[in-house]
Amino acid sequence: MSRPVAISFDEFVEYGRTTMKPEELVNGMPWAFTFMGHPVTHENDDLYLVGNGSLKFSRGTFMVATEKNIVFLAD
């Protein structure tokens, strides 16, 4: 059993950048990528929508994901 993974918003954005080709970035930001099997889309430079869009990951928060790919957001 793996341990939960905690990631800050800035780390999350950097992760997205590493999964994309430089020419796919929009103003240096990853536009759409996958994190632990969940689709991610760019809403604005301070907000990403995760999964079906009901999870909003914004600057200043942390995401905690488990081995079951369940994602929690915390201030």
Side-chain angles (χ1 to χ4, degrees):
M1 178 184 287
S2 62
R3 295 177 185 239
V5 174
I7 190 167
S8 72
F9 182 85
D10 291 334
E11 292 168 331
F12 184 75
V13 171
E14 187 56 34
Y15 170 83
R17 284 185 184 119
T18 66
T19 67
M20 300 180 73
K21 297 176 185 173
E23 61 271 15
E24 295 174 326
L25 300 175
V26 178
N27 296 324
M29 299 295 285
W31 212 250
F33 58 97
T34 302
F35 181 76
M36 295 184 72
H38 295 283
V40 177
T41 56
H42 177 273
E43 186 71 9
N44 61 54
D45 288 355
D46 295 315
L47 178 67
Y48 279 86
L49 302 179
V50 182
N52 64 8
S54 64
L55 295 175
K56 296 179 180 180
F57 190 25
S58 60
R59 190 174 301 281
T61 61
F62 283 84
M63 178 185 293
V64 179
T66 71
E67 74 278 357
K68 293 182 180 180
N69 294 334
I70 300 171
V71 179
F72 304 93
L73 303 178
D75 291 328

Hey, could you give me the OG/CG distance between S58 and L49, rounded to the nearest 0.5 Å?
10.5 Å

Nearest-0.5 Å distance that lies between atom OG1 in T61 and atom CD1 in I7:
11.0 Å

Sequence-distant partners of M20, side chain to side chain contact (heavy atoms under 4.5 Å, CB included), two or more places apart
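Applying side chain to side chain contact (heavy atoms under 4.5 Å, CB included) to M20 gives E24, L25, P30.
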
Listed by chain and number, what are the side chain to side chain contact (heavy atoms under 4.5 Å, CB included) partners of T34, not counting sequence neighbours?
none

Assigning hydrophobic clusters by single linkage (Ile, Leu, Val, Met, Phe, Trp, Tyr; side-chain heavy-atom cutoff under 4.5 Å), is V40 placed with W31?
no

Specify the closest pair of heavy atoms between F9 and F57, including all atoms of both residues, with the distance to one decimal.
CE1-O, 3.3 Å

Those residues that, when tested against D46, pass salt bridge (Lys or Arg N to Asp or Glu O under 4.0 Å) (two or more places apart)
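With neighbours one apart ignored, the set is R59.
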
Partners meeting salt bridge (Lys or Arg N to Asp or Glu O under 4.0 Å) with E43 (sequence neighbours left out)
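Here no residue qualifies.
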
Where do T19 and F35 land on the side chain to side chain contact (heavy atoms under 4.5 Å, CB included) test, with the steps shown first?
CA-CA 10 Å; T19 67; F35 181 76; over 6 Å; no

Which residues satisfy the side-chain hydrogen bond (donor to acceptor under 3.5 Å, both in side chains) test with S54, sequence neighbours excluded?
N52

Please list, chain by chain and in numerical order, all residues satisfying side-chain hydrogen bond (donor to acceptor under 3.5 Å, both in side chains) with S8, sequence neighbours excluded.
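Partners of S8 by the side-chain hydrogen bond (donor to acceptor under 3.5 Å, both in side chains) criterion, ordered by chain and then number, come out as E11.
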
Quick one: does V50's side chain get under 4.5 Å of M63's, heavy atoms only?
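Counting from C-beta outward, V50 and M63 do come under 4.5 Å.
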
Heavy atoms from other residues, nucleotides or ligands near CG of N27 exceed 12 (cutoff 6.0 Å)
no

